*Asks:* 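Structure incoming, see below.
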Protein chains: 2
Amino acid sequence: MAQDGKRRAGATPGASAAARARPPSMADVAALAGVSGQTVSRVANNRSNVDEATRERVLSAMKMLGYRPNTAARALATGRFRMIGVVTFDLRAHGNARVLESVVSAVQDTDYSVSVVAVRSHSEQAVREAFDRLSTQAVDGIIVNEPQMLDTAALRLRSDLPIVVVDRDDRHRYPAVGSDDAEGVRAAVTHLLDLGHHTVAHLAGPQDSYPARRRAEAWHRTLKDAGRLTPPVDYGDWSAESGYLIGRQIAERPDVTAVFAANDQMALGLLRALHEAGRPVPDDVSVVGFDNLAESAYFLPPLTTVNQDFEEIGRQSVALLLDQMESAPAEGTAPRGAAAVSVAPRLVVRGSTAPPRA
Amino acid sequence: MAQDGKRRAGATPGASAAARARPPSMADVAALAGVSGQTVSRVANNRSNVDEATRERVLSAMKMLGYRPNTAARALATGRFRMIGVVTFDLRAHGNARVLESVVSAVQDTDYSVSVVAVRSHSEQAVREAFDRLSTQAVDGIIVNEPQMLDTAALRLRSDLPIVVVDRDDRHRYPAVGSDDAEGVRAAVTHLLDLGHHTVAHLAGPQDSYPARRRAEAWHRTLKDAGRLTPPVDYGDWSAESGYLIGRQIAERPDVTAVFAANDQMALGLLRALHEAGRPVPDDVSVVGFDNLAESAYFLPPLTTVNQDFEEIGRQSVALLLDQMESAPAEGTAPRGAAAVSVAPRLVVRGSTAPPRA
DNA sequence: GCGCGTGGTACGAAGCTTCGT
DNA sequence: GACGAAGCTTCGTACCACGCG
């Protein structure tokens with residue numbers, strides 16, 4: 001076989017298995033298969049110009065030795081890491097966890113891996129730090145799961161890596177993928193109007209959140225387009241607790257017959273507040289949420305809500321990122337056109353909505 | 001300055017910025033600072049034997065060039081990747097997402113990164129594939145978030161990497177970190193007995209889940225220790241839907257005055273079933289859950305449940321893993337003693353439990 | 001000649017390129 | 001077109017040696 005005995009003593013097949021500590025290298029495979037390292041490399045990278053028979057020999061040698069290409073060496077040689085970085089916020093938030101899940105899942109269908117960095121606060125400082133970690137670490141592209149970015153200045157980062165932002169916002173110049181919130185909100189509010197409600201109150205997310213703002217704006221616009229009055233908005237912080245606290249105030253407004261909450265958690269708090277105030281849902285007040293938690297179908301009453309297709313969002317962001325990575329191989333900063341992908345949400349009608357009392 | 005002009009043409013300071021595409025390497029920093037690459041390496045790794053003045057020079061050169069050490073090259077040279085792999089199941093499950101969150105957070109306090117691999121099914125095949133991915137990829141240790149492993153054979157993996165399993169189970173020989181389920185269950189069941197209930201029914205998780213089994217066993221033992229009868233167990237699948245479906249049957253058993261559900265989601269379904277059957281909670285039936293979802297405090301009624309300290313679990317698993325990684329530097333398979341860390345759960349009493357009707 | 005601050009060189013594992021058969 | 005051999009590249013680190021107090 002090959003004569004690279006000078007490289008290391010134990011590499012010859014004759015050596016006992018006792019010295020097996022270091023993982024097998026390409027040279028080991030080559031020796032066992034009786035081919036050159038070059039050919040092993042060709043097989044490992046699925047090149048076409050290898051004879052089927054030798055390919056088989058090499059593959060079985062790989063299997064026998066349990067050979068795994070050394071990622072570090074490959075990355076060093078190619079300059080690419082086969083790794084996608086994900087910057088995410090609080091995973092306790094349902095949507096964030098779902099997005100991460102679907103991104104991981106989508107990436108798994110490629111030969112990339114995922115490295116996750118969590119941002120603990122919404123400060124520009126924290127976000128910048130996360131990016132720093134990722135660019136120090138070896139990633140070829142970054143997906144930013146940014147459902148509540150305080151200020152977009154934080155997104156103006158020095159980084160020549162391809163980036164995709166999840167949860168569409170037009171304030172920045174990066175390609176983005178997100179739910180078409182406006183469409184979902186429109187469906188929700190229209191559903192309530194169609195049921196006969198004169199207007200719809202809004203329990204919004206925090207004012208410094210872009211998604212919250214978008215939903216509030218869409219709510220406002222839908223009412224306006226329908227020629228309805230727009231009640232004053234209440235702002236929560238996405239939590240069930242805030243929904244409950246604000247809900248107690250809403251419950252005291254006898255004119256309110258329908259409420260659109262910016263997420264299901266706040267809707268849950270609202271349901272409890274209305275219940276305690278003796279205002280039955282949906283007989284007295286209708287409630288619509290946003291997100292479609294797994295639990296929402298079992299709230300009392302089951303919650304009408306807007307379902308977001310997180311799977312699709314994950315798939316699309318990964319696709320968009322890979323796209324960029326392939327088209328701009330270290331081209332520097334060239335966010336070509338900043339594509340924006342909208343994923344359609346879907347209204348799920350359940351028991352928390354009904355026509356207003358006669 | 002240095003004389004490595006042979007390495008690449010554009011590296012000399014005189015070259016225009018036009019050729020700047022490749023990130024700056026150590027040699028660039030060395031050239032700019034007028035030292036050897038070796039010294040740059042020393043500074044980058046915070047070694048002590050560098051003169052304070054040269055250290056400053058090197059640091060400012062790094063800053064000026066925006067130098068970042070190349071992870072791949074470093075890994076190749078050292079044989080360590082500074083990366084921890086996490087194998088996780090469905091992130092839609094609250095607990096899994098929480099564990100991932102806390103693991104990521106804990107790792108972030110070290111200079112390691114996290115690579116996430118998701119397992120889509122509970123088959124040994126899928127788990128093995130996940131491990132394969134991780135060992136192909138560059139990780140120094142693995143944390144397995146395994147709250148519902150079908151069979152532990154799947155955990156008997158060829159992998160000489162340090163491993164920590166989250167969600168303690170004694171069927172395998174790996175170090176593990178998890179909630180002390182038995183203790184949490186005991187607290188929950190005892191709470192109900194103390195309220196005056198003669199016995200407590202159990203809405204269990206799926207039979208092929210170890211955590212579910214552990215909780216069921218602890219429930220059984222607690223009742224037995226108290227000398228109470230143990231009603232037949234009903235098995236759900238963790239989902240609110242299964243809780244609802246089984247709950248409808250439970251609601252028809254007039255003897256049932258208290259139910260312990262193996263998680264909050266099933267408890268939610270149960271609450272709804274009891275409500276629909278006209279059996280008020282807690283007046284007619286008391287319900288206790290397990291997990292303490294963010295939402296549980298706003299269920300109708302607010303759910304008494306067992307809180308798990310996921311943050312602590314994450315911290316502990318990372319600590320345990322780092323421990324192993326440092327103590328067993330490529331020692332092969334030597335799971336020393338298989339440490340097991342138990343994290344104490346805590347009963348949270350809310351409105352879903354009360355003494356039985358007189 | 002001890003020790004500190006340095007520099008020189010080989011090395012790690014894979015890839016690519018150029019020949020050559 | 002299927003392969004091999006040799007040599008160079010990637011970048012950072014380990015080890016050893018050197019000069020200078």
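Both backbone and side-chain heavy atoms feed into the values below; hydrogens, waters and symmetry mates do not. Remember, it's a predicted structure, so these values are computed and weren't measured experimentally. In the text below, chain A, chain B and the rest are named by the order of the sequence lines, each starting its count at 1.
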*Asks:* Using the side-chain hydrogen bond (donor to acceptor under 3.5 Å, both in side chains) criterion, which residues pair with B:S105? Sequence neighbours excluded.
*Replies:* A:R120

*Asks:* Sequence neighbours excluded, which residues qualify as side chain to side chain contact (heavy atoms under 4.5 Å, CB included) partners of A:M26?
*Replies:* A:V40, A:S41, A:Y67

*Asks:* What's the closest nucleotide to the A:A73 side chain, out of C:dA14, C:dG15, D:dC15?
*Replies:* C:dA14

*Asks:* Can you pull the salt bridge (charged side-chain N to carboxylate O under 4.0 Å, His left out) pairs that have at least one residue in residues 52-64 of chain B, sequence neighbours excluded?
*Replies:* B:E52-B:R55

*Asks:* Does anything in residues 54-63 of chain A reach DNA chain C, meaning a heavy atom under 4.0 Å, and if so which residues?
*Replies:* none

*Asks:* Could you list the residues that satisfy side chain to side chain contact (heavy atoms under 4.5 Å, CB included) with A:A118, not counting sequence neighbours?
*Replies:* B:V104, B:Q108

*Asks:* For B:R80, what residues pass the side chain to side chain contact (heavy atoms under 4.5 Å, CB included) criterion, not counting sequence neighbours?
*Replies:* B:T78, B:R82, B:Y112, B:D140

*Asks:* For DNA chain D, which residues in residues 75-85 of chain A have a heavy atom at a distance below 4.0 Å?
*Replies:* A:L76, A:A77

*Asks:* Residues two or more places apart in sequence or in another chain: which of them pass side-chain hydrogen bond (donor to acceptor under 3.5 Å, both in side chains) with B:D51?
*Replies:* none

*Asks:* Under the side-chain hydrogen bond (donor to acceptor under 3.5 Å, both in side chains) test, which residues partner A:E129, sequence neighbours left out?
*Replies:* none

*Asks:* Could I get the full list of side-chain hydrogen bond (donor to acceptor under 3.5 Å, both in side chains) partners for A:S36, not counting sequence neighbours?
*Replies:* A:T39

*Asks:* Taking only residues two or more places apart in sequence, or in another chain, which ones meet B:A126 in a side chain to side chain contact (heavy atoms under 4.5 Å, CB included)?
*Replies:* B:V119, B:S121, B:S123

*Asks:* Heavy atoms only, 4.0 Å cut-off, all strands: where does B:N70 land among base, sugar-phosphate and nothing?
*Replies:* sugar-phosphate

*Asks:* Using five pairs at each end of the helix from C:dC2-D:dG21 to C:dT21-D:dA2 to define an axis, what is the angle between those two axes, to 10°?
*Replies:* 40°

*Asks:* Between C:dG15, D:dT13, C:dA13, spot the one nearest the side chain of A:M26, thanks.
*Replies:* C:dG15

*Asks:* For a quick check, tell me whether the side chain of B:Q38 and the base of C:dG8 share a donor-acceptor pair closer than 3.5 Å.
*Replies:* yes

